[in-house]
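Working notes, beginning with the structure itself.
Remember, it's a predicted structure, so these values are computed and weren't measured experimentally. Just follow the structure's listing: the first ligand is 1, and inside any ligand the first atom is 1. Counting from 1, the numbers follow the sequence of the chain as shown.
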Amino acid sequence: MAKKSTTEKALVGIIMGSASDAETMNPAREMLTEFNVRCEFLVLSAHRTPDETLAYAAAAAGNGIEVIIAAAGGAAHLAGVIAAKTNLPVIGVPIKSKSLQGLDSLLSMVQMPKGVPVATVAIDGAANAALLALRILALKYPRIAEHYEHFRKEQHDAVLKAKV
Ligand code: RP5
């Protein structure tokens, strides 16, 4: 497939609750890069930097962001707090925690109250979060839709070619 130019501005915000989440979230950044979609990749905490988190969420759409991916572990309120302050689609990634292996993160994130949706993916599901963001963007950007079809075909062919 011909290489397509990368979007000029960041369309996706990847936010994580701690620098310790960055390694887990790198696959999301890599997936978006593979699709030539720019992203912001930054640490903001619902609990440790609440004012900055709310300010980011409130300004994101005006800054050109179209989808937000929010990752947090433990008492994982980041995605929900961001969703409370923006109308952009918010995808939550529950991060695997040391004490409860991410079950705490998953349950904190997935049980949003009616009226404030967060699309929660699997524990540590960074790549799928990016793919879901790309599917949302593909509704607006034909070249992302085309790239996604190519990705699906490659995945399909790889499964059928697998030697076991
Ligand atoms: C959450 O607590 C973060 O998202 C991270 O997953 C977890 C641990 O954070 P650190 O104590 O490593 O900063 O807020």
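A donor-acceptor contact shorter than 3.5 Å is absent between the side chain of T49 and the backbone of L44.
By the 30° and 60° cut-offs, the orientation of the rings of H47 relative to H77 is perpendicular.
Protein heavy atom in closest approach to atom 8 (C) of ligand 1: S20 OG, 4.1 Å. When hydrogens are left out, the protein atom nearest atom 10 (P) of ligand 1 is S18 OG, 3.4 Å; that is the closest non-hydrogen contact.
You'll find the side chain of N36 reaches within 4.5 Å of the side chain of H147, heavy atoms only. The shortest side-chain heavy-atom distance between N63 and K9 does not fall under the 4.5 Å cut-off. Two residues are said to be in side-chain contact when any heavy atoms from C-beta on lie closer than 4.5 Å; L78 and V81 fail this criterion.
Checked by distance only, ligand 1 and G73 come closer than 3.5 Å through their nitrogen or oxygen atoms. For ligand 1, the polar-atom distance check finds an N/O of D21 within less than 3.5 Å of one of the ligand's N/O atoms.
Taking a cut-off of under 4.0 Å to the non-hydrogen atoms of A72, the atoms of ligand 1 that pass are 4 (O).
Look at R48 and you'll find a heavy atom under 4.0 Å from some atom of ligand 1.
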